[in-house]
Amino acid sequence: MPRLLRPAEVRHHDTVAIARSLLGRILVARDAAGRRLARRITEVEAYNGPDDRACHASRGRTKRTAVMFEPGGVWYVYLVYGMHEMLNLVTGPRDYPAAVLIRGVEAIDGPGRVTRVLGVNRRFNAQPCARATGLWIEDDGFVPPAAEVQATPRIGIDYAGTPWIEKPWRFVWQRTEA
DNA sequence: TACTCGATCGGA
DNA sequence: CCGATCGAGTAA
């Protein structure tokens, strides 16, 4: 029986470590018919606190970023380019604005595709990562081998400037042939 | 109230 | 390479 990801596990300051640890965990949603959609997380990015210029909340607290100041364990879902919903898990203690962007799950690369396939949109924004919400994360004990995990700079954040643009805070898990 | 542009994607 | 598509953020 897999256990749920508990909010307390993502309420410390090390967003980068949390991002890395989400690889291999199972993102679960329910479709319109109530069926379970579950896939392991394969790609994530950390957006780490008020100093990280790639983090939306580094410009301060606004209507959109307010949710990132909440205690970790809630979803941050927003729209980019007028058409793609981005799914993030808020991390850190209250008032430490940080989150992990879920960029890929098994057989689905790209944050916009992840949300489309799983039926995620802004109605999940600020909702807890919990079964009752209809969108949650499970941990069945599986951990990707370190050799299969890569760290790279984050995608699409050229505006952030140095040093943020080069931080290796994107993590990709790719299974190697058995 | 008028801009600008984005944590992207799919099709030329 | 380019267009789609829209709302947050900022300037005014």
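A, B, ... follow the sequence lines: proteins, then strands. Residue 1 opens every chain.
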C/dC2 versus B/dC5 - spacing of their C1' atoms, nearest Å: 16 Å
Pairing partner of B/dT4 (Watson-Crick or G-U wobble, both distances under 3.5 Å): C/dA8
In numerical order, the residues of residues 42-64 of chain A whose heavy atoms come under 4.0 Å of DNA chain B are A/Tyr47, A/Ala54, A/His56
The criterion is ring-ring contact (aromatic ring centres under 6.0 Å, His included); which residues satisfy it with A/Phe69, sequence neighbours excluded? none
Nearest-nucleotide 5' precedence on DNA chain B, A/Arg113 against A/Leu87: A/Leu87
Under a 4.0 Å threshold between the charged nitrogen and the carboxylate oxygen, would A/Arg20 count as salt-bridged to A/Asp14? no
Any sub-3.5 Å donor-acceptor pair from A/Thr65's side-chain atoms to A/Gly60's backbone N or O? yes
Give A/Met86 one of three labels, base, sugar-phosphate or nothing, depending on what nucleic acid heavy atoms sit under 4.0 Å from its own. sugar-phosphate
Salt-bridged, A/Glu106 to A/Arg175, with N to O below 4.0 Å? yes
First locate atom CG of A/Asp31, then atom CG of A/Leu118, and finally report the distance between them rounded to the nearest 0.5 Å. 10.0 Å
So A/Pro50 and A/Tyr96, do their side chains get closer than 4.5 Å, heavy atoms only? yes
Between A/Trp136 and A/Glu138, a side-chain donor and acceptor under 3.5 Å: yes
Side chains of A/Ile26 and A/Asp140 in contact at under 4.5 Å (non-hydrogen atoms): yes
When rounded to whole Å, the CG to C1' distance for the pair A/Asp109 and B/dA7 reads 16 Å
Taking the side chain as every heavy atom from C-beta outward, state whether A/Thr42 and A/Val172 have any atom pair closer than 4.5 Å. no
Within residues 9-23 of chain A, find the residues that approach DNA chain C with a heavy atom at under 4.0 Å, and present them sorted by residue number. none
Applying ring-ring contact (aromatic ring centres under 6.0 Å, His included), name anything that partners A/Trp173, two or more places apart in sequence or on another chain. A/Phe142
How long is the line joining CE of A/Met68 and P of B/dA7, in whole Å? 11 Å
Please confirm whether the backbone N or O of A/Trp164 pairs with a side-chain atom of A/Arg154, one donor and one acceptor, at under 3.5 Å? yes
Answer with base, sugar-phosphate or nothing: what part of the nucleic acid does A/Ile157 contact at a heavy-atom distance below 4.0 Å? sugar-phosphate
Contact span of DNA chain C against chain A, any nucleotide atom under 4.0 Å from a heavy atom, 5' to 3', runs C/dA4 to C/dG9
Can you tell me how far C1' of B/dG10 sits from CE of A/Met83, to the nearest Å? 10 Å
Non-hydrogen side-chain atoms of A/Val28 and A/Leu37 separated by less than 4.5 Å: no
Spell out, yes or no, whether A/Val100 and A/Ile137 are grouped together once hydrophobic residues are joined by side-chain heavy atoms under 4.5 Å, including indirect joins. yes
Could you list by number each residue of residues 161-170 of chain A showing a heavy-atom separation from DNA chain B of less than 4.0 Å, or answer none if no residue does? none
Rounded to whole angstroms, how far apart are OH on A/Tyr81 and P on B/dG10? 14 Å
Quick one: are A/Met86 and A/Leu101 in side-chain contact, heavy atoms under 4.5 Å? yes
